[in-house]
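Please read the structure below before turning to the comments.
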2 protein chains.
Amino acid sequence: MSIQDLIAEISDRLTPTERRVAALVLEDPTLLAFGTVSDLANRAQTSRPSIVRFATKLGFDGYTDLQSWIREELSHQLSSPSHRIRQQDGAVATIRAAIENSIHETFAALDERRLNALATPIAKARNVWILSGETSMAGAVALHSGLSMIRPDVHLVQEHSTGRQLSSATKADTAVVFDFARYRRNSITSARALAKIGVKIVAITDGPLSPLASLTKTWCELKIPAVGPFDSSIPAVMTAELLVAQVVKQLGTEAHKRIDRLEELWQTTGTFLHYSPRVNRTL
Amino acid sequence: MSIQDLIAEISDRLTPTERRVAALVLEDPTLLAFGTVSDLANRAQTSRPSIVRFATKLGFDGYTDLQSWIREELSHQLSSPSHRIRQQDGAVATIRAAIENSIHETFAALDERRLNALATPIAKARNVWILSGETSMAGAVALHSGLSMIRPDVHLVQEHSTGRQLSSATKADTAVVFDFARYRRNSITSARALAKIGVKIVAITDGPLSPLASLTKTWCELKIPAVGPFDSSIPAVMTAELLVAQVVKQLGTEAHKRIDRLEELWQTTGTFLHYSPRVNRTL
DNA sequence: GGCTGCCTGTAACTAGGCGTACACTACTCT
DNA sequence: AGAGTAGTGTACGCCTAGTTACAGGCAGCC
């Protein structure tokens with residue numbers, strides 16, 4: 001039952017002023033959700049009691065009642081599908097719901113603009129350093145693999161050799177840091193150290209409260225679903241792949257040239273098996 | 001500039017109560033849009049002034065200011081669906097469709113029975129060897145990471161040291177091989193060699209025509225979507241995670257004991273950060 | 001141990017919210 | 001033409017909202 005339906009039901013019994021109010025409300029329902037009686041009265045060029053009467057005519061106790069109803073409707077509309085899906089049962093089914101939901105949210109977090117903001121420092125960096133906690137390692141690997149094919153000087157930083165590897169980082173560099181609660185000490189302290197010497201940080205983490213989020217303006221938030229006893233790395237991997245695609249777009253021909261050279265190299269070294277007659281131009 | 005960004009910017013200067021408020025707001029932003037100061041105070045188990053202080057810390061004149069700002073943000077989100085569609089209209093939309101479709105198919109391929117068939121040789125193996133091509137490396141890493149936490153003797157085989165690593169494989173072992181067209185020569189030839197000496201093969205590949213499918217009865221087929229110029233590793237990662245969860249189920253208490261020991265080890269070695277920015281002792 | 005900060009909750013104030021009673025206008029019906 | 005009725009705005013009361021000033025409490029520091 002939407003506000004449109006409610007109004008339609010009583011539209012034939014509306015007085016002229018009430019009709020104006022109805023038109024206003026239909027045009028922008030947020031007016032009802034956020035506005036006060038006075039606001040609406042001003043907008044509809046009428047007095048406050050008319051607004052209240054309009055509410056009672058719709059079947060509510062008063063404007064307050066109508067407003068709280070509208071707000072609930074909007075809340076449902078705004079909230080993610082997670083709550084709706086959660087009611088399914090069975091082991092695989094719940095995992096599936098969790099994964100599909102997290103993918104939904106990841107796409108929501110990574111619109112074109114945000115993706116661009118994250119990709120730019122990666123495309124422009126002199127060196128790219130990739131740091132990661134345990135559960136997001138797959139994401140780090142995917143990013144490293146993808147970026148390596150389209151630009152030079154991409155380094156996946158391993159925990160046991162952090163210091164040695166990072167000692168040459170400079171202000172012209174960018175570090176991509178993956179980490180989620182529980183934050184791995186090594187990743188966080190390294191990221192802080194890098195930020196301090198002016199390395200640009202791109203953080204893939206689990207929320208604004210993350211220690212990574214305070215280090216940079218270029219970050220994004222991922223919802224991490226559980227698969228069995230462990231956290232999933234799917235959102236991290238997906239983010240990594242989207243980032244790579246975006247960096248390719250930004251680098252343009254430069255990246256494509258590099259891919260072609262790599263392809264040539266693979267041909268001459270016979271890296272791939274020519275097993276299937278299928279010609280797959282993409283990698 | 002979203003509410004998440006705003007909170008992220010000042011997250012390290014938040015007091016404990018303010019942190020509770022922040023968490024609440026992040027979990028459900030409609031609370032901010034619709035709720036009163038009292039509502040929030042009750043939910044966060046604090047007093048009204050703390051809510052107001054939170055608002056001012058975010059850079060607003062007071063709660064009213066913050067709320068009207070949030071409402072405008074939400075209005076944009078709600079009242080202009082054309083805007084939302086336009087954002088999805090770029091390259092991201094097609095990528096999204098491809099990924100969601102492939103996830104759908106992956107779940108279809110991996111019903112409970114098939115998952116069990118794949119997991120059994122992994123749970124029972126003396127050693128587990130993991131081999132992978134380039135694009136599925138993230139899946140291999142995820143599998144390695146997950147399996148390592150629940151059972152011993154799991155090895156991720158790197159291309160440059162294949163021979164040395166695999167020389168100790170026996171009939172009691174299992175090899176999990178990820179590879180998709182174009183098949184990487186190294187992975188395929190290694191898999192063939194292992195199969196010849198009686199190592200059980202679990203193949204994650206792209207169809208019955210794959211050279212891997214002919215080596216074993218325990219295999220599964222994944223559809224691989226493209227993200228930009230490259231193939232996605234998301235289906236591989238997802239399969240790896242589902243496999244890990246299934247192996248955990250099969251191993252039962254044995255796996256759980258192992259996880260507990262690992263947890264204990266993490267505690268004593270301080271691997272993880274107990275993040276609460278207000279208390280800056282050990283950093 | 002006392003002092004000095006910083007957090008946090010209590011209390012009081014102002015303002016604006018909604019709802020209702022009442023009065024005015026205009027139209028209709030007898 | 002007068003009375004009644006429906007529609008609308010004015011005036012008032014009560015209440016809760018947000019804000020601010022102030023006091024208690026706890027930790028760290030000389």
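Chain identifiers are assigned alphabetically (A, B, ...) following the order of the sequence lines, protein sequences preceding nucleic acid strands; residue numbering begins at 1 within each chain.
- In this structure, A:T36 does not reach the C:dG16 phosphate: none of its side-chain N or O atoms is under 4.0 Å from OP1 or OP2.
- The side chain of B:T64 contributes an N or O atom lying less than 4.0 Å from OP1 or OP2 of D:dT19.
- Atom-to-atom, NZ of B:K57 to C1' of C:dC7 comes out at 9 Å; the value is rounded to the nearest Å.
- OP1 or OP2 of C:dG17 sits under 4.0 Å from a side-chain N or O of A:S38.
- The listed nucleotides are D:dA21, C:dG19, D:dT10; the one nearest the side chain of A:P49 is D:dT10.
- An OP1 or OP2 oxygen of C:dT8 is reached within less than 4.0 angstrom by no side-chain nitrogen or oxygen of B:T46.
- Ion pairing of B:E27 with B:R43 is absent here, as no side-chain N (NZ or NE/NH1/NH2) approaches a carboxylate O to less than 4.0 Å.
- The B:T17 side chain lies nearest to C:dG9 when the options are D:dG9, C:dG9, C:dC18.
- Checked for salt-bridge contact, B:R258 and B:E254 miss the test: no charged N lies under 4.0 Å from a carboxylate O.
- The CZ-P distance, from B:F34 to C:dG17, rounds to 18 Å in whole Å.
- Taking 4.0 angstrom as the limit, B:S47 places none of its side-chain polar atoms (N or O) nearer than this to OP1 or OP2 of C:dT8.
- What separates CZ of A:R48 from C1' of C:dG17 is a distance of 8 Å, to the nearest Å.
- Contact between the side-chain N/O atoms of B:T15 and the OP1/OP2 oxygens of C:dT8 is found at a separation under 4.0 Å.
- The separation between A:F60 atom CZ and C:dC18 atom P is 16 Å, rounded to whole Å.
- Relative to the side chain of A:S50, the nucleotides C:dG9, D:dT8, D:dT10 differ in distance, and D:dT8 lies closest.
- In this structure a side-chain-to-backbone donor-acceptor pair under 3.5 Å is present from B:T36 to B:D39.
- Taking the charged nitrogens against the carboxylate oxygens, B:E18 and B:K57 do have a contact shorter than 4.0 Å, which makes a salt bridge.
- At a cut-off of 3.5 angstrom, the base of D:dG9 holds at least one donor-acceptor pair with the side chain of A:R53.
- A:E18 places its CD atom 14 Å from the C1' atom of D:dG9, with the value rounded to the nearest Å.
- Across the protein-nucleic acid pair, A:I51 atom CD1 and C:dC18 atom P stand 10 Å apart, rounded to whole Å.
- Counting to the nearest Å, the P atom of D:dT16 and the CG atom of B:L40 are 18 Å from each other.
- One atom, CD of A:Q67, and another, P of C:dG17, lie 12 Å apart when rounded to the nearest Å.
- Using a 4.0 Å cut-off between charged nitrogen and carboxylate oxygen, A:D173 and A:K200 do not count as a salt-bridge pair.
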